[in-house]
Colleague: 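Take a look at the following structure, please.
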Amino acid sequence: MRKILLGIFSMGLLACNQPQEPVAVLEKRIDSLENQLENSYKPGFGDFMGFIQTHHAKLWFAGQNENWELADFELHELEEAIDDIQEIHATREETQYIDMIIEPLEKVEEAVENKDKAAFTQSYQTLTNTCNQCHIAVDMEFIEIKIPDSPPFTNQIFTPKE
Ligand code: HEC
């Protein structure tokens, strides 16, 4: 990281045709940037779960309305959040269990690609069970997820656009 940043800095300076700054000055600047990066805002595990809860619910209504484009979009939101957890919370103990959700997500993705509502409903149930399996694995069995009864938002249309 340090070497790459140093390289970019030097290249930037050369490109600007400015006199090269001493390495010590550049290193000091990199230290300060690294420090800023370290202390910058990162969403917590719980923040990601709130996001996942929203898109898990939207995914259901997209699938039930056979709005496969929206379902595909919601799936990618879920996958992105899982990727981010793996990256940002790599050292959290709970992250070791996150892999269990990948296969169920792929099954839903397959159903969405095939525009198969029956397969969607079945794979969505398995996905939801897996949310709970992980909550049990991390001793949070009191966080119980289910198939939603009503859309999470009233200001969004879940049926496909005519
Ligand atoms: C690593 C395995 C894991 C998986 C898989 C997982 N969760 Fe979680 N979930 C957690 C952990 C850990 C927390 C507690 C986060 C914290 O510390 O704030 C949590 C918290 C939550 C919360 C917060 C509860 C609240 O009331 O604020 C919700 C909602 C939630 N998860 C939904 C889901 C949904 C929906 C899925 C499936 C699509 C899912 N989770 C899959 C581990 C997981």
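Indexing begins at 1, ligand by ligand and atom by atom, following the structure's order. All values below were derived from every heavy atom in this structure, side-chain atoms included, with hydrogens, water molecules and symmetry-related copies excluded. Here, residue 1 is the first one in the sequence, and each next residue gets the next number.
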Colleague: Side-chain donor-acceptor pair under 3.5 Å between N129 and Q125, yes or no?
Modeller: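 Side-chain D/A pair, N129 to Q125: present.
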Colleague: Using atom types as modelled and distance alone, determine if a side-chain donor or acceptor of D47 lies under 3.5 Å from a backbone N or O of G44.
Modeller: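 Such a contact is found between D47 side chain and G44 backbone.
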Colleague: Verify, without hydrogens or angle tests, whether K117 (side chain) and Q64 (backbone) share a donor-acceptor contact under 3.5 angstrom.
Modeller: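 Present.
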Colleague: So, does S32 use its side chain to make a donor-acceptor pair with the main chain of K28 at under 3.5 Å?
Modeller: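 Checked: no pair found.
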Colleague: Please produce the table of protein N or O atoms sitting under 3.5 Å from N or O atoms belonging to ligand 1, one pair a line, distance to 0.1 Å.
Modeller:
from, atom 1, to, atom 2, distance (Å)
ligand 1, 7 (N), H135, NE2, 2.8
ligand 1, 9 (N), H135, NE2, 2.9
ligand 1, 17 (O), R92, NH2, 3.4
ligand 1, 31 (N), H135, NE2, 2.9
ligand 1, 40 (N), H135, NE2, 2.9

Colleague: Classify the ring geometry between F61 and F158 as parallel (under 30°), tilted (30 to 60°) or perpendicular (over 60°).
Modeller: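 Correct class here is tilted.
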Colleague: Any donor-acceptor pair under 3.5 Å linking the side chain of H135 with the backbone of I143?
Modeller: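 At least one qualifying donor-acceptor pair exists.
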